[in-house]
There are 2 protein chains.
Amino acid sequence: MKNKIQLTVDAVVFGYDSGNISVLLVKRKYEPFKDGWALPGGFVLENENLEQAVQRELSEETGAKINYLEQLYTFGDLGRDPRGRVVSVAYFGLVKPNAFKLTASTDAKKAEWFDIKRLPKLAFDHKKILKIAIERLQGKITYEPIGFELLDKKFPFSDLEKLYTTLLDREIDRRNFKKKITSLKVLDELDEKVSIGRGRPASLFSFNKKRYFQLKMEGIIFEI
Amino acid sequence: MKNKIQLTVDAVVFGYDSGNISVLLVKRKYEPFKDGWALPGGFVLENENLEQAVQRELSEETGAKINYLEQLYTFGDLGRDPRGRVVSVAYFGLVKPNAFKLTASTDAKKAEWFDIKRLPKLAFDHKKILKIAIERLQGKITYEPIGFELLDKKFPFSDLEKLYTTLLDREIDRRNFKKKITSLKVLDELDEKVSIGRGRPASLFSFNKKRYFQLKMEGIIFEI
DNA sequence: ATTATATGTGTATAATATACACAAATATAG
DNA sequence: CTATATTTGTGTATATTATACACATATAAT
């Protein structure tokens, strides 16, 4: 009776670029759900731990470089896979725009980015997994500055602001938002500016990881 | 290569009674770790989902009635089980004092409650699992009123207060704490009083689950 | 009857969050 | 080259929320 359960990992990898949140999907080569879209993932090998399995599958299937990866939830309902009893450990990942565009532009590959507002039908119970991942993402950015993992190393403040308005789907007062982020001291203002199109050039910022880990140690909560 | 991974579930079940937080452990009958203490749990059967597996193992091994159960984390490191590759989905449970005392008093059984400050050596990586569960419990009670799941149906306010001071390991101002809980309106004050030993008799309260779910729907966060 | 002990309650102050508008620097259109 | 459109950048006043704090009440024990 035991031992007939198969174990897979699946990854929900989010990317962000100029106001769009995307998720990485792959087109299935084989049955079941042949030619259907699914989350990247696959069977866990006997000699690798779960995170290694996710990273391996991701690099095999998409080539994406992951900045941030955490375990999301384990899905084990009967009947979630037509092949039999398959339990899947889902992970949640974030990538920076570079990795993002790279894969998105190579159309020959089987991996593609989809705007989370325009998703195709998904194989297995991946719709459910994705839903939970989106909730986690929205919840998480309000109390941990993981939003930076979706941005370039250097970014104008407006990028961060736009990321939050997009992710939370509501307006944010720029002054109050900056006040809050500034008070955390996780942003370093650089001596550089960028000018994109018209409008006043923007100062570039970078994310201070040291300070972030320090805050984490102190158990500091922040709330957007 | 695939398919040689075995899947188990483990449960970290917390109980609370008059100022002590306990966790339910079982004495192992077989190798490995024979006669050692471990979290209740076992192999997942092919025809049951994960939560059913936990409930089954818990009732088989301990007889405890669980009020609250949620998935904690999945542990899949190589070498965590000497029998080979075993991945375990850990759950997090809370029980009310009745179920608590019931099992705790029957010493003949192999299940026992241990104060989380006086734990024995644990089998496998269960120490690690328990540590994560305790962190989750502490984190969770500060923003969701799950503390009630550890109390009797009717309880004096001081019980709730003591539960929080114990769990968070810090003093709480009674008036401010009551203000906050009262503002949530999740407590119904009953027309009953209890007098335990000396001191002024205390009003009894009960937890208003309807109101709690309503708050949850509205996404209301509370912070102790 | 006195003492010890636990419950129950309100207000003043500090800290934090929110609401809100205009000047500065650039690109573009005419 | 001038005017206009667009984006960045900044401060203050008000409302809300959190914190600090002390004494009266009801009972059991002595």
Side-chain angles (χ1 to χ4, degrees), chain A residues 17-19 141-145 151-152 154-166 168 170-206 215 218-224, chain B residues 17-20 141-145 147 151-152 154-166 168 170-206 215 218-224:
Chain A
D17 194 30
S18 49
I141 58 160
T142 62
Y143 62 87
E144 257 193 68
L151 298 177
D152 272 316
K154 300 172 180 184
F155 54 88
F157 195 81
S158 55
D159 270 18
L160 188 65
E161 191 190 333
K162 196 165 192 183
L163 171 63
Y164 272 80
T165 55
T166 309
L168 300 176
R170 61 176 160 92
E171 291 304 303
I172 292 178
D173 182 276
R174 205 187 328 153
R175 283 170 290 188
N176 293 338
F177 180 63
K178 188 156 187 184
K179 222 182 290 174
K180 208 168 258 172
I181 299 290
T182 303
S183 75
L184 292 171
K185 293 177 185 163
V186 289
L187 280 194
D188 294 330
E189 186 164 2
L190 307 176
D191 279 336
E192 276 179 82
K193 288 186 190 297
V194 270
S195 186
I196 309 154
R198 57 173 119 183
R200 178 173 170 170
S203 290
L204 288 176
F205 292 83
S206 70
L215 284 175
E218 293 168 13
I220 282 171
I221 306 158
F222 92 114
E223 186 81 38
I224 296 298
Chain B
D17 194 29
S18 49
N20 294 312
I141 58 159
T142 62
Y143 63 87
E144 256 193 68
L151 298 177
D152 272 316
K154 301 171 180 185
F155 54 87
F157 194 82
S158 55
D159 271 18
L160 187 65
E161 191 190 332
K162 195 166 194 182
L163 170 62
Y164 272 80
T165 55
T166 308
L168 300 177
R170 61 176 161 93
E171 291 304 304
I172 292 177
D173 181 277
R174 205 187 327 152
R175 282 171 291 188
N176 294 339
F177 181 64
K178 189 157 188 183
K179 223 181 290 172
K180 206 167 262 176
I181 299 289
T182 303
S183 74
L184 292 171
K185 293 177 185 163
V186 288
L187 281 194
D188 294 330
E189 185 163 3
L190 308 174
D191 279 337
E192 277 178 81
K193 288 185 190 297
V194 271
S195 187
I196 310 153
R198 56 173 118 183
R200 178 173 172 172
S203 290
L204 287 177
F205 292 83
S206 71
L215 284 175
E218 294 168 12
I220 282 169
I221 305 158
F222 93 112
E223 185 80 38
I224 296 297

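Only a predicted model underlies this, so the values are computations on that prediction, with no experimental measurement involved. Residue numbers start from 1 in every chain, and the chains themselves are labelled A, B, ... in the order their sequence lines are given, proteins ahead of strands.
- When all heavy atoms of A/Leu190 and A/Ser206 are compared, the pair lying nearest together is CD2-OG, 3.9 Å.
- Counting only heavy atoms from C-beta outward, the side chains of B/Ile181 and B/Lys178 never approach each other to under 4.5 Å.
- Both A/Ile196 and A/Asp173 lie close to DNA chain C; mapped to their nearest nucleotides by heavy-atom distance, the more 5′-ward contact belongs to A/Asp173.
- When rounded to the nearest whole Å, the span between NZ of B/Lys178 and C1' of C/dT11 equals 17 Å.
- Minimum atom distance to the side chain of A/Asn176 is reached by C/dT18, of the listed C/dT9, D/dG9, C/dT18.
- Note: CZ (A/Arg175) to P (C/dA17) measures 17 Å, nearest angstrom.
- The CD atom of A/Glu189 sits 7 Å away from the P atom of D/dG9 (whole-angstrom rounding).
- In this structure, CD1 of A/Ile224 is placed 15 Å from P of C/dT16, rounded to the nearest angstrom.
- Panel note: side chain B/Lys162, backbone B/Ser18; no donor-acceptor pair is recorded below 3.5 Å.
- Taking only side-chain nitrogens and oxygens, A/Ser203 never comes nearer than 4.0 Å to OP1 or OP2 of D/dT8.
- Sequence neighbours left out, the pairs with a member in residues 191-202 of chain A that pass side chain to side chain donor-acceptor pair (under 3.5 Å) are A/Lys154-A/Glu192, A/Lys193-A/Ser203.
- Here B/Ser158 does not reach the OP1 or OP2 of C/dA6: none of its side-chain N or O atoms lies under 4.0 Å away.
- Distances from the side chain of B/Arg174 to the nucleotides C/dG10, C/dC20, C/dG8 place C/dG8 closest.
- The distance between atom CG of B/Leu160 and atom C1' of C/dT7, rounded to the nearest whole Å, is 15 Å.
- Every ring pair (Phe, Tyr, Trp, His ring centres under 6.0 Å) that A/Phe177 has, sequence neighbours left out, goes to A/Phe157, A/Tyr164.
- In this structure, the side chains of A/Leu187 and A/Phe155 come closer than 4.5 Å at one or more pairs of heavy atoms.
- Summarising the geometry, the separation between CZ on A/Phe177 and P on C/dC20 is reported as 20 Å, rounded to the nearest angstrom.
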What string of B, S and - do you get for nucleotides 25-30 of chain D, 5' to 3', when a contact is any protein heavy atom under 4.0 Å?
-> BBBSS-

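- Rounded to whole angstrom, the span from the CD atom of B/Glu171 across to the C1' atom of D/dA20 amounts to 15 Å.
- Contact annotation for A/Lys179: base contact, defined as any heavy-atom pair under 4.0 Å involving a base atom.
- Looking at heavy atoms from C-beta onward, A/Ile224 lies out of side-chain contact with A/Ile141 at the 4.5 angstrom threshold.
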